[in-house]
Amino acid sequence: MQHPRPPLLERLRRRWTQGRPLGSLRSQLLRWLLIPLVMLVLLDAVFVYRNALDAADMAYDRSLLASTRALAERVSIVGGKVVAEVPYVALDSFETDTLGRIYYKVTGINGELVSGYGDLPPVPKNVPRSQNYPALVRFYHADYHGKPIRIAALLQPVYDDSMRGIALIQVAETLDARRGLSNQILFDTLSWQAAMILVMGALVWFAVRLVLQPLMRLKTEVETRTLSDLSDVDPALVHREMRPLVSAMNGSMSRLQQLIASQRRFIADASHQLRTPLTVLKTQAELAMRACDRQAGAPADMAALRDIVRSIAATTDSTVLLANRLLTLARIEHGGDSLAMDTVSLRDVAQQVGLEMAMAAVGKHIDLSLEAPDEAPVHGQALLLHELVANLVDNALRYTPHGGNVTLRVRVLETDGAGAETVLEVEDSGAGIPPAERERVFTPFYRVGAALESNPGGAGLGLAIVRDIAALHGARLVLATAANGHGLKVSVHFGGAA
């Protein structure tokens, strides 16, 4: 089945745009409008110039014919000869014309020279009679003494009682005046046309800018939207021709909303499905270890069984930690920005996390302390801030050796401006992170060599989660060396420093 060929304009458009970047719409509109407009104006200038030259030639020819007729009125027959009584005033004007040199010649009935310049070029045979005037006159161009001239040749009947015939009167003028007028006409025409092009170019540029304003408003609205704002764009913002594009954008955002909702449902379901069996597995491993401990006087292989069950419990703890942090990271990336923000007391969040982590600190004989003022408000999401503090404290406890110190500190600092910033600090006495690797530790699953040795069961996701939560709250993360000279201090600046 043969498909119909696209229209000619569509084929030309495809051939023109194939393999080429489209570039700016404003520049394309200006080119497609101004270039044809300039060509039309230039073509109009050519026609105007030619019409002006024709009008000037007609005016000069009329003046040349008037001089020829005035001279013809002085031609008569006296004593059987053709004579021309040219007054001295006329001769003087012929010699000193300011607009151009004028020459004349009077030829008798038999072709004899009566008066004037005898070497004036004769009338060519192929020159037709002018139809613009009721006279037997011919106009033609010639060269005289190396100068171009325009000649009017008039046939004048002369007669008396003894003879009659036709005399030829020729009046010529140089083209200096005509060329001066032509140059003036050309200059005036080009000046006016150039001014017209400038005015039209300014009008076209203003019109294109005015027409493209709705597109610029649409661009601004789309750029200023938040990541979670997938609502429809109002088609009334743009012209009728652009509304199908806006409708397509709205359809695409609607499908994207459905995809995000599906991902959120999947994350919620996966969270429930993963946490439940892992928790059950951990509980069963702990019950098995207690059962092994209650076996008094057990055989030697019971100790090996106890070690195996203890290893299962440790692996389960690592798996639960990894699953929880993966789900937390996915929740932040695929919907954390849609959670409601409110004023949260960072001191209360830090105090709650300290209480939750107290047993883990006691198990490793680590001194976990809290330093916080009475009030430390921040604008954020309570659950995510709790996750941020919990990850920082958990990392500090994991990588601090037995008998070490972990300090959880909340401070409110006055800034140079009108407000203040709240700073959360978690400082430990562990091995710390070398300065060369402090930027890389925010990459998911990246772990420092010392961390692998001290805690091989870590997931490598704690600081990645902290980074995403801090970015979501507009906070700034700083890694530095602790006050003891070898530990790590993590600072999260909220408020003025964001």
Please test Leu392 against Leu388 for side chain to side chain contact (heavy atoms under 4.5 Å, CB included), starting from the C-alpha separation and ending with a verdict. CA-CA 6 Å; Leu392 289 177; Leu388 181 145; 4.0 Å; yes

If you compare all heavy atoms of Ala45 against all heavy atoms of Thr189, which two are closest, and at what distance to 0.1 Å? O-CG2, 3.8 Å

Which residues pass the side chain to side chain donor-acceptor pair (under 3.5 Å) test with Asp188, sequence neighbours left out? Gln184

Is Lys489 salt-bridged to Glu427, cutoff N-O under 4.0 Å? no

Determine yes or no for a side-chain-to-main-chain donor-acceptor pair under 3.5 angstrom, with Asn391 supplying the side chain and Glu387 the backbone. yes

Checking the side chain of Thr220 only, and the main-chain atoms of Met216 only, is there a donor and an acceptor separated by less than 3.5 Å? yes

Can you check side chain to side chain contact (heavy atoms under 4.5 Å, CB included) on Asn405 and Thr400, steps first, answer last? CA-CA 7 Å; Asn405 300 307; Thr400 299; over 6 Å; no

Nearest 0.5 angstrom please: Leu175 CG to Arg150 CZ, how far? 8.5 Å

Give a yes or no answer on whether the side chain of Asn250 reaches the backbone of Val233 with a donor-acceptor pair at less than 3.5 Å. yes

For residues His473 and Gln381, determine if any side-chain heavy atom of one lies less than 4.5 Å from a side-chain heavy atom of the other. yes

If I take atom CG from residue Leu218 and atom CE from residue Met249, how far apart are they, to the nearest 0.5 angstrom? 5.0 Å

Let me confirm one number: the CD1-NE2 distance from Ile469 to His386, rounded to the nearest 0.5 Å. 11.0 Å

Going by the angle between their ring planes, with limits at 30° and 60°, are His365 and His402 parallel, tilted or perpendicular? tilted

Side chains of Gln193 and Leu42, heavy atoms from C-beta outward: is any pair under 4.5 Å? no

Please find the pair of heavy atoms, one from Ala361 and one from Leu397, that lie closest to each other, and give the distance. CB-CD2, 3.9 Å

Which heavy-atom pair separates Val426 from Ala396 by the least distance, and what is that distance? CG1-CB, 3.9 Å

Using a 4.5 Å cut-off on heavy atoms from C-beta on, say whether the side chain of Leu368 contacts that of Met357. yes

Please find the pair of heavy atoms, one from Leu479 and one from Val490, that lie closest to each other, and give the distance. CD2-CG2, 3.6 Å

Any salt bridge linking Lys147 with Asp176? Criterion: basic side-chain nitrogen under 4.0 Å from a carboxylate oxygen. no

Evaluate Met39 against Ile35 for side chain to side chain contact (heavy atoms under 4.5 Å, CB included), listing each step before the verdict. CA-CA 6 Å; Met39 295 177 64; Ile35 292 177; 4.2 Å; yes

Which heavy atom of Ala475 sits nearest a heavy atom of Val492, and at what distance? CB-CG1, 3.8 Å

Could you pull out the closest heavy-atom pair between Arg398 and Lys364, with the gap in Å? O-NZ, 3.3 Å

